[in-house]
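The analysis underlying the following values was restricted to heavy atoms, covering all of them including side chains, and did not include hydrogens, waters or symmetry mates. Counting from 1, the numbers follow the sequence of the chain as shown.
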Amino acid sequence: MRAVWYEQTGPAVDVLTYGEMPAPVAGPGEVRIRLEASGVNAADVGRRGGGYRAMEYERVIPNSDGAGFVDQVGDDVTRFKLGDRVWLFNGQRNGRAFGTAAEYIALAEQLVTPLPDNLSFAEGATLGIPAMTAWCGLFADGPIVGKTVLVTGGAGAVGHYAVQLAKWGGAQVIATVSSAMKAEQARRAGADLVVNYRDEDVVAKAMAFTGGRGVDRVVDVDFGGNIATTLKLMALNSTIAVYATNGNRTPVVPMRELMEKCIVLRTLVLFALPPVLLAAAQADITKWLAAGPRLHTIAAQFALSDTAQAHLAVEKGDKLGTVIVDCAR
């Protein structure tokens, strides 16, 4: 099969190789997917760049999200048959060296979800880690109907899905953004209040929106960078769900202030979450997709041979949506 891989971490154009590798075979409990599209996440780029940890395997095929169709079914598989259209998450994680920057991937069926016929494979590849992380940040601590949710980075890959899922879940949604273009993206997703944190007072706007009570749940893209602000707008018995902290990777946790409001601090790394929670996320995302049209934003698309350029597009930091690699070309 055609694939892209690296054998040492470093700059994309220096370490990513495009060539031929043996196609995987579906083992017991696994399906093999003929990939049509691969989604590139910031974590994929960070792992390849060496910013996360040293090489975990001698050779890594990057990217963890994707979509395609089942073309091989292993023993004991019960949920899929040949030809099923699917999307997947965590392809290159948790004991798996080979991700979705390739023509094929074989992985456990529980990491695979049916893809509705009305979604393209490129749109399916935007789901994966962003949609799963958004759902877990919103719903891991119970229903949100009638609550107020703050989504920081409301136009990002995770944030854009978090706004849409929160509205579907019955919440009022505040989204913070950094530009007028991103503000429009958050509004299109359904945010009730959009705040540009660069030139507006997030705390004042949030507290006015909630009548001074504060927000019930935060889905946070940068715990360390945001905590000084976030603490000022939290309601009693609220939750901060954190999936990244790049503004300050070793923040001081203000434990006393958290305790005084009985704030739950939930940290999220998708591959470490309980299987029962991940299964609930997949089931709910399927219901959400079926309930009406959704926004799946594709920032750019690249051929498989141009995966290095796809990684560079993510590294630039100005994308709106998910960068896609077309595995079939």
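- Among Asn248, Thr245, Asp220, Thr176, the one residue that satisfies the side chain to side chain donor-acceptor pair (under 3.5 Å) test with Asn226 is Asp220.
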Exercise. Under the side-chain contact (heavy atoms from CB on, under 4.5 Å) rule, what do Tyr161 and Ile285 come out as? Steps first, then yes or no, please.
Key: CA-CA 10 Å; Tyr161 278 134; Ile285 290 168; over 6 Å; no
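- Grouping the Ile, Leu, Val, Met, Phe, Trp and Tyr side chains by contacts below 4.5 angstrom, directly or via other members, places Tyr6 with Val314.
- Among all heavy-atom pairs drawn from Met234 and Thr239, the shortest one is CE-O, 3.7 Å.
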Exercise. Begin with the C-alpha distance, continue with both residues' side-chain angles, and end with the deciding distance and a verdict on side-chain contact (heavy atoms from CB on, under 4.5 Å) for Leu119 and Arg294.
Key: CA-CA 10 Å; Leu119 264 65; Arg294 308 302 177 191; over 6 Å; no
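- Here the CG atom belonging to Asp216 is positioned 5.0 Å from the NZ atom belonging to Lys147, to the nearest 0.5 angstrom.
- Counting only heavy atoms from C-beta outward, the side chains of Met1 and Pro24 approach each other to under 4.5 Å.
- Transitive grouping of hydrophobic side chains (ILVMFWY, heavy atoms separated by less than 4.5 Å) keeps Tyr104 and Val31 in distinct clusters.
- With a 6.0 Å radius and a threshold of 12 heavy atoms from other residues, nucleotides or ligands, Lys232 has its NZ atom at or below the threshold.
- Remark: side-chain polar atoms of Glu103 are paired, donor with acceptor, to backbone N or O of Arg2 under 3.5 angstrom.
- Within 6.0 Å of CD in Glu58 there are 12 or fewer heavy atoms belonging to other residues, nucleotides or ligands.
- Side chains of His296 and Leu289 form a contact here, defined as non-hydrogen atoms less than 4.5 Å apart.
- At most 12 heavy atoms of other shown residues, nucleotides or ligands fall within 6.0 angstrom of atom CD in Gln8.
- Rounding to the nearest 0.5 Å places CD of Glu260 at 10.5 Å from CG of Leu236.
- Interatomic distance, Asp76 CG to Glu109 CD, rounded to the nearest 0.5 Å: 9.0 Å.
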Practice problem: With side-chain contact (heavy atoms from CB on, under 4.5 Å) as the test, would you mind laying out the steps for Val13 and Leu312 before giving the verdict? | Solution: CA-CA 9 Å; Val13 295; Leu312 290 176; 3.9 Å; yes
Practice problem: Start with the C-alpha gap between Glu184 and Arg188, add the side-chain angles, then the distance that decides, and say whether salt bridge (Lys or Arg N to Asp or Glu O under 4.0 Å) holds. | Solution: CA-CA 6 Å; Glu184 180 58 27; Arg188 289 179 63 232; 5.2 Å; no
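- Here the options are Thr126, Thr100, Asn41, the test is side chain to side chain donor-acceptor pair (under 3.5 Å), and the partner is Asp65; only Asn41 passes.
- For the side-chain contact (heavy atoms from CB on, under 4.5 Å) with Leu115, the lone residue among Glu123, Glu36, Arg85 that qualifies is Arg85.
- Atom CD of residue Glu7 and atom CG of residue Leu16 lie 11.0 Å apart, to the nearest 0.5 angstrom.
- One hydrophobic cluster, built from ILVMFWY side chains closer than 4.5 Å, holds both Val45 and Val325.
- Side-chain atoms of Tyr243 and Val219, non-hydrogen and from C-beta on, do get closer than 4.5 Å to each other.
- At least one side-chain heavy atom of Leu88 sits under 4.5 Å from a side-chain heavy atom of Leu35.
- Remark: side-chain polar atoms of Glu30 are not paired, donor with acceptor, to backbone N or O of Gly74 under 3.5 angstrom.
- Looking at Arg48, its side chain does come within 3.5 Å of a backbone N or O of Gly10 through a donor-acceptor pair.
- Judged by distance alone, with hydrogens and angles left aside, the side-chain atoms of Gln282 form a donor-acceptor pair with the main-chain N or O of Gln110 at under 3.5 Å.
- Put simply, the side chain of Thr210 gets close to the backbone of Met207: a donor and an acceptor are under 3.5 Å apart.
- Rounded to the nearest 0.5 angstrom, Asp71 CG and Arg32 CZ are separated by 4.0 Å.
- Ala155 approaches Val177 most closely through the heavy-atom pair N-CG1, 4.3 Å.
- In this structure, the side chains of Ile105 and Phe98 stay at 4.5 Å or more apart for every pair of heavy atoms.
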Quiz item: Can you check side-chain contact (heavy atoms from CB on, under 4.5 Å) on Thr152 and Asp222, steps first, answer last?
Solution: CA-CA 8 Å; Thr152 65; Asp222 186 6; 5.9 Å; no
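- No single ILVMFWY cluster, assembled from side-chain heavy atoms under 4.5 Å apart, contains both Val269 and Phe139.
- Linking Ile, Leu, Val, Met, Phe, Trp and Tyr residues whenever their side-chain heavy atoms come within less than 4.5 Å leaves Ile61 and Met55 in two separate clusters.
- Residue Thr133 holds its OG1 atom at 8.0 Å from CG of Leu273, rounded to the nearest 0.5 Å.
- Exactly one of Arg187, Lys205, Lys167 qualifies for a salt bridge (charged side-chain N to carboxylate O under 4.0 Å, His left out) with Asp192. That residue is Lys167.
- When all heavy atoms of Ala291 and Trp168 are compared, the closest pair comes out as CB-NE1, 4.0 Å.
- Between His311 and Asn63, the side chains place a donor N or O and an acceptor N or O closer than 3.5 Å (distance only, hydrogens not considered).
- The shortest non-hydrogen separation linking Gly124 to Trp87 is O-CB, 3.6 Å.
- For the pair Leu150 and Thr148, the minimum side-chain heavy-atom distance is 4.5 Å or more.
- Residues Val221 and Asn246 have side chains not in contact (no heavy-atom distance under 4.5 Å, counting atoms from C-beta outward).
- Side-chain contact between Leu258 and Ile240: present, with at least one pair of heavy atoms (C-beta onward) separated by less than 4.5 Å.
- Side chain of Arg198 to backbone of Ser178: a donor-acceptor contact under 3.5 angstrom is found.
- Nearest heavy-atom pair across Arg217 and Leu138 is NH1-O, 2.6 Å.
- Remark: of the listed residues Arg93, Gln92, Arg96, Arg47, Arg93 is the sole one forming a side chain to side chain donor-acceptor pair (under 3.5 Å) with Ser64.
- When all heavy atoms are compared, the tightest approach of Leu270 to Met132 is CD2-CB, 3.6 Å.
- Side-chain N or O atoms of Asp326 include none that pairs as donor or acceptor with a backbone N or O of Ala328 at under 3.5 Å.
- Proximity of a side-chain donor or acceptor of Gln185 to a complementary backbone N or O of Leu320 within less than 3.5 Å is not detected.
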